[in-house]
Structure formats: structure tokens, C-alpha cells
Amino acid sequence: MAEDARILEINGLTVRFPTSEGVVRAVDGVSLSLDRGETLGVVGESGCGKSVMLNSIMRLLEAPPARIGGEILYNGQDILKMPKRELFRIRGKEITMIFQEPMTSLNPVIKIGPQIAETMLLHELITKDEASAKALELLRQVEIPNAEECLGKYPHQLSGGMRQRVMIAMALACKPQILLADEPTTALDVTIQAQILALLRKLKDEYHMSMMIVTHDLGVIAEVSERVVVFYGGNVVEEAPTRALFDTPLHPYTEGLLGCIPHLSTKTGRLRVIEGNVPNPIDLPEGCVFAPRCPRRERLCVEERPALKEVGDAQGGKRHRVACHMA
């Protein structure tokens with residue numbers, strides 16, 4: 001992939017949190033990239049470092065206590081070394097984020113209209129009246145019924161699905177180049193989930209954005225992403241075009257995740273489970289992070305951390321990579 005096709009590139013990202021019990025290795029040497037106009041899905045269990053990575057991209061983690069290493073390159077410029085003035089210029093304007101729980105992300109004592117307008121007033125040369133008019137336009141764009149009435153409501157007066165649409169409107173207020181979405185369909189019923197995913201796909205194309213969507217739901221990944229990165233224990237264990245990942249998963253953890261999905265077309269007994277527990281981020285295994293739970297592990301897996309290596313032929317210019325000695 002040509003370098004200029006990449007809008008975001010993460011190289012060797014590490015995030016550590018010192019605690020009284022030891023150092024939490026929340027992200028442990030992650031490298032990945034996001035292309036212009038691409039939707040990248042990041043999937044993994046709770047606690048595997050997905051959200052910490054997103055917060056690192058937005059530089060929302062305080063240092064100290066967080067210790068952050070590696071590079072996060074946005075259009076070739078390292079966000080982690082960016083002066084605060086430059087960071088404030090792009091954060092919320094060129095790179096925006098939909099947070100996991102809108103009720104805790106929206107200010108409960110400020111009405112919806114002023115909350116959406118605030119971003120535009122901060123980043124654009126625009127009057128309050130112009131910002132209010134644009135906020136109304138955004139609410140209509142995210143398909144909120146009675147958008148004008150919604151401007152004057154408080155967050156608690158809206159349903160979960162409506163609050164999520166408001167978060168999307170706020171994220172799109174300044175026409176960003178990158179949209180980060182952290183579990184955007186969590187706690188929504190399946191009908192509303194489908195509406196939110198369809199809305200994200202439509203708006204991503206309209207705004208010509210790149211999007212990184214983080215989730216633990218493989219159904220969401222299949223619905224919206226073009227390429228998938230699988231996280232486990234703060235590491236990337238597999239990366240592939242979405243179709244290739246679902247058709248030919250190469251890492252035992254990915255196989256386990258897919259094996260846990262029920263299929264309507266076939267009769268099965270008990271669903272497969274991945275034996276064992278997620279590793280403690282204070283005491284990650286020295287070898288492969290998945291080795292203690294892996295049915296195919298060998299001595300090498302316990303002793304040596306596998307590198308993320310390319311396998312097979314590229315699909316549409318996108319490689320299949322896996323971190324597994326046995327792949």
C-alpha cells in the first residue's frame with residue numbers, strides 16, 4: 001500500500017499504567033494502519049486494549065500516570081509529539097470520536113443544540129446563529145425526527161438511540177477526516193443497532209471519511225468494515241480483509257471467536273467456548289499472549305512471542321497478517 005494512501009499509521013504503540021500491584025500493559029506494541037476512505041474494524045474481548053488505543057489516538061490519556069510509547073502518525077505527523085496548540089486544532093475537527101456511552105459523554109445540564117454548536121464555535125469562524133442552524137441541519141442529517149424540538153432537549157429526555165445519533169452529529173460537525181467509533185451500538189437493541197450502522201455507512205461515504213470502529217461484536221464488523229484487526233491481550237494477533245478473516249481465520253483466537261457465533265442455517269448443540277481466561281495485563285505471558293488458552297500450542301509458543309507476519313496472497317492490495325507460530 002502506498003504511503004500517501006495511509007491517513008493514520010500506528011507503529012509499536014505501548015501504553016502502561018503503573019499501579020500498586022504492578023505495571024498494567026494495556027497496549028503492548030501495536031502496529032496498524034488506516035487508509036483514506038477505509039473502514040477498519042477492531043475486534044476483541046473487553047479489556048484487550050481497544051478503547052485505550054482509541055484514547056491514545058485522541059491523546060486523551062494523561063501522562064503521567066499513563067506511559068505512552070511508539071508513534072501515531074496522522075498524515076505523517078506524530079500525534080504523540082504534537083504541540084498542544086496543533087493537537088487542539090485537529091482534535092474534534094479533523095479527528096473525532098463517538099464514545100462508548102453517550103449518557104456519560106453528553107453534558108446532562110446543557111441542551112442538545114448548544115452542545116453540538118460548541119464544537120463548531122471552537123474550530124470554525126462562525127456565529128452562534130450560524131452554529132445553531134448547522135446543528136439543526138446535522139440533526140436532520142442523522143435522521144432524528146422532530147429535529148428542531150430535539151435542539152431544546154436535555155440528554156436524559158432522549159432515548160439511547162437518539163443520544164447515539166446526537167453523538168454522531170457532534171462528531172460530524174466539522175467534517176472530519178477520521179471518525180473513531182468506540183462500541184457505537186453497545187446497549188442498543190438490534191433494530192436500533194442496524195439503523196445506527198446503516199447511518200454510519202451512509203455518512204462515511206457522504207463525508208469521504210476514514211473510519212475505525214471498535215467492537216466486540218463480529219456481526220458489527222461483518223456489517224461495516226472492509227478490513228479487520230483482531231486484538232488480544234493488548235496485541236494485534238490477526239489482520240485481514242473482512243471476507244478473508246471470516247472465510248479463512250488463521251489465528252486460533254480468531255477461530256474461537258467465530259466458533260462462538262450461532263448459525264441459523266445449521267443445527268448445533270452447545271456453542272464452542274474458548275477455554276481459560278483473558279491474561280492479566282500486569283502479568284502477560286512471555287511468549288504468545290494466547291498460548292495459555294490455545295489448543296494448538298507448542299513449546300515455542302510459550303517461549304517466544306510470534307511476530308505479526310504476512311501470509312498468503314493480497315486481496316485488493318490488502319494483506320493477511322497473523323501472529324502465530326503454528327499458522
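Residues that satisfy the side-chain contact (heavy atoms from CB on, under 4.5 Å) test with P281, not counting sequence neighbours, are V24. With sequence neighbours left out, the side-chain contact (heavy atoms from CB on, under 4.5 Å) criterion links L87 to R59, I79, M82, R91. Residues meeting the side-chain contact (heavy atoms from CB on, under 4.5 Å) test with H123, sequence neighbours left out: K93, T119, C174. Every residue meeting the side-chain contact (heavy atoms from CB on, under 4.5 Å) condition with K128, not counting sequence neighbours, appears here in chain and number order: L121.
In this structure, K50 contributes its side chain and G44 its backbone to a donor-acceptor pair below 3.5 Å. For the pair S210 (side chain) and G37 (backbone), a donor-acceptor distance under 3.5 Å is present.
Note on R319 versus E310: salt bridge recorded, some NZ/NE/NH1/NH2 to OD/OE distance being below 4.0 Å. A salt bridge links E255 to R296: at least one charged side-chain nitrogen sits closer than 4.0 Å to a carboxylate oxygen. We find that E9 and R6 are joined by a salt bridge, their nearest charged nitrogen and carboxylate oxygen being less than 4.0 Å apart. Ion pairing of E304 with R299 is absent here, as no side-chain N (NZ or NE/NH1/NH2) approaches a carboxylate O to less than 4.0 Å. Salt-bridge annotation for E130 and K134: absent, with no side-chain N of the basic residue lying under 4.0 Å from a carboxylate O of the acidic one.
Here the shortest heavy-atom pairing between L8 and I72 reads CD1-CG2, 3.9 Å. Nearest heavy atom pair, residue P292 against residue R297, reads O-NH1, 3.6 Å. When every heavy atom of L151 is checked against every heavy atom of A135, the shortest pair comes out as CD2-CB, 4.0 Å. Minimum heavy-atom separation, S225 to T242: O-OG1, 2.9 Å.
Side-chain contact check for Y74 and E94: at least one donor-acceptor pair (N or O, by modelled atom type) lies under 3.5 Å. No side-chain N or O of R25 forms a donor-acceptor pair with one of N280 less than 3.5 Å apart.
L73 and V42 fall into different hydrophobic clusters, where Ile, Leu, Val, Met, Phe, Trp and Tyr are joined by side-chain heavy atoms under 4.5 Å apart, directly or via other members. When the side chains of ILVMFWY residues are joined at heavy-atom separations under 4.5 Å, either directly or via intervening members, L284 and I274 end up in two distinct hydrophobic clusters.
Among pairs with a residue in residues 97-115, none fulfils salt bridge (charged side-chain N to carboxylate O under 4.0 Å, His left out), at least two apart in sequence or across chains. Pairs passing the ring-ring contact (aromatic ring centres under 6.0 Å, His included) check and including a residue from residues 76-117, sequence neighbours excluded, do not occur. Applying the salt bridge (charged side-chain N to carboxylate O under 4.0 Å, His left out) definition to pairs two or more places apart or across chains, those involving residues 177-201 are R201-E223. Applying the side-chain hydrogen bond (donor to acceptor under 3.5 Å, both in side chains) rule to pairs touching residues 158-171 yields R165-Q195, sequence neighbours excluded. Residue pairs meeting the side-chain hydrogen bond (donor to acceptor under 3.5 Å, both in side chains) criterion with at least one member in residues 227-238, sequence neighbours excluded: E38-R227, R227-E239, Y232-R293, N235-R305, E238-T254, E238-H320. The stretch residues 77-88 participates, sequence neighbours left out, in these side-chain hydrogen bond (donor to acceptor under 3.5 Å, both in side chains) pairs: E86-R89. Evaluation of the side-chain hydrogen bond (donor to acceptor under 3.5 Å, both in side chains) test over residues 62-71, restricted to residues two or more places apart or in two chains, returns N11-E71.
Using a 4.5 Å heavy-atom threshold, the side chains of I7 and M209 count as separate. Between V230 and H251 there is no side-chain heavy-atom pair separated by less than 4.5 Å. Using a 4.5 Å heavy-atom threshold, the side chains of M167 and S105 count as touching.
In E286, the CD atom is not crowded: 12 or fewer heavy atoms of neighbouring residues, nucleotides or ligands sit closer than 6.0 Å. No more than 12 heavy atoms of other residues, nucleotides or ligands shown are found within 6.0 angstrom of NZ on K175. Within a 6.0 Å sphere centred on CG of N277, heavy atoms belonging to other residues, nucleotides or ligands number 12 at most.
Grouping Ile, Leu, Val, Met, Phe, Trp and Tyr residues whose side-chain heavy atoms lie under 4.5 Å apart, directly or via other members, places V109 in a hydrophobic cluster with I110.
Between H156 and Y154, the two ring planes are parallel [angle under 30°; tilted spans 30° to 60°].
Put simply, CG on L200 and CE on M211 are 5.0 Å apart, with the number rounded to the nearest 0.5 Å. Remark: I68 CD1 to L61 CG distance equals 4.5 Å, nearest 0.5 Å. Of the inter-residue distances, the one linking I10 atom CD1 with L34 atom CG reads 8.5 Å to the nearest 0.5 angstrom. Atoms CG and CD, on L139 and E149 in that order, are 12.0 Å from each other to the nearest 0.5 Å.
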